[in-house]
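Given the structure is predicted, the values throughout are model-derived calculations rather than measurements.
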Amino acid sequence: MLKSDVSFDTRADGDVRVMTISGHLDAFTVSDLKNELKKTTDARFTKIILSLSKVDYANSSTICTIIVTAQQLRKRKGDIKLCGLSDEIRKVFDLVGASKILEIFRTEQEALKSFS
């Protein structure tokens with residue numbers, strides 16, 4: 001069995017859940033991302049920041065998972081905000097149109113402020 005090369009470090013900042021993701025987000029690890037997001041939403045967190053500064057690859061299935069979760073949270077008056085995207089990852093988000101749907105910030109602090 002292959003060990004996925006992605007990890008999640010999640011912490012609370014007030015009523016916002018900050019999830020720092022490290023590694024490779026692809027077809028093999030998207031289920032790990034789905035599970036982590038489900039755990040967070042099941043715990044009734046509706047405001048989530050995904051810090052992607054330690055992500056070296058993200059594919060379209062990853063982006064789709066984030067968008068679907070964001071849409072679910074918006075129905076509950078919450079949202080997902082992204083921060084720390086590398087230029088390469090930002091290009092992928094731009095290419096598939098995700099940067100028109102999701103709010104993307106340079107820093108975690110900027111993303112946190114956007115929730116207040």
* Asked: Taking C-beta and beyond as the side chain, do Cys83 and Glu110 meet within less than 4.5 Å on heavy atoms?
  -> no
* Is it possible for you to say whether Phe8 and Leu50 belong to one hydrophobic cluster, with membership spreading through side-chain heavy-atom contacts below 4.5 Å? => yes
* Asked: Residues two or more places apart in sequence or in another chain: which of them pass side chain to side chain contact (heavy atoms under 4.5 Å, CB included) with Val16?
  -> Val18, Lys47, Ile49, Leu112, Phe115
* Asked: If you measure from CG on Asp15 to OG on Ser116, what distance do you get to the nearest 0.5 Å?
  -> 9.5 Å
* Asked: Can you name the residues that form a side chain to side chain contact (heavy atoms under 4.5 Å, CB included) with Ile101, not counting sequence neighbours?
  -> Ile67, Arg74
* Asked: Any side-chain heavy atom of Val6 sitting closer than 4.5 Å to one from Leu33?
  -> no
* Asked: What do the steps show when you test Ile63 against Ile66 for side chain to side chain contact (heavy atoms under 4.5 Å, CB included), and what is the final call?
  -> CA-CA 5 Å; Ile63 295 169; Ile66 295 169; 5.5 Å; no
* **ILVMFWY network linking Val30 to Ile21, side-chain heavy atoms under 4.5 angstrom** => no
* Among Asp42, Thr40, Thr41, Asn35, which residue meets the side-chain hydrogen bond (donor to acceptor under 3.5 Å, both in side chains) test with Lys38? -> Asp42
* Supply the atom-to-atom distance Lys81 NZ to Ile48 CD1, rounded to the nearest 0.5 angstrom. => 12.0 Å
* To do: Could you pull out the closest heavy-atom pair between Arg17 and Phe45, with the gap in Å?
  => NH1-CZ, 3.5 Å
* Asked: CZ of Arg106: more than 12 outside heavy atoms within 6.0 angstrom?
  -> no
* Asked: For Lys54, does its backbone N or O pair with a side-chain atom of Ser22 as donor and acceptor, under 3.5 Å?
  -> no
* May I ask you to decide whether Lys39 forms a salt bridge with Glu36, counting only side-chain N to carboxylate O separations under 4.0 Å? => yes
* **Sidechain N-carboxylate O distance under 4.0 Å for Arg11, Asp9** => no
* Structure fact -> For Asn59 and Tyr57, the nearest pair of non-hydrogen atoms, with its separation, is CB-OH, 3.6 Å
* Enter the distance from Leu85:CG to Asp94:CG here, rounded to the nearest 0.5 Å. => 9.0 Å
* Show the numbers, then the answer: is there a side chain to side chain contact (heavy atoms under 4.5 Å, CB included) between Thr62 and Val92? => CA-CA 11 Å; Thr62 299; Val92 175; over 6 Å; no
* Side chains of Met19 and Thr10 in contact at under 4.5 Å (non-hydrogen atoms) -> yes
* To do: Check the hydrophobic clustering (I, L, V, M, F, W, Y; side-chain heavy atoms under 4.5 Å; chains of links allowed) and say if Ile89 and Leu37 are grouped together.
  => yes
* Asked: To the nearest 0.5 Å, what is the distance between CG (Asp26) and OG (Ser60)?
  -> 11.0 Å
* To do: Return the minimal non-hydrogen interatomic distance between Ala70 and Ile80, and the atom names on each side.
  => N-CD1, 4.0 Å
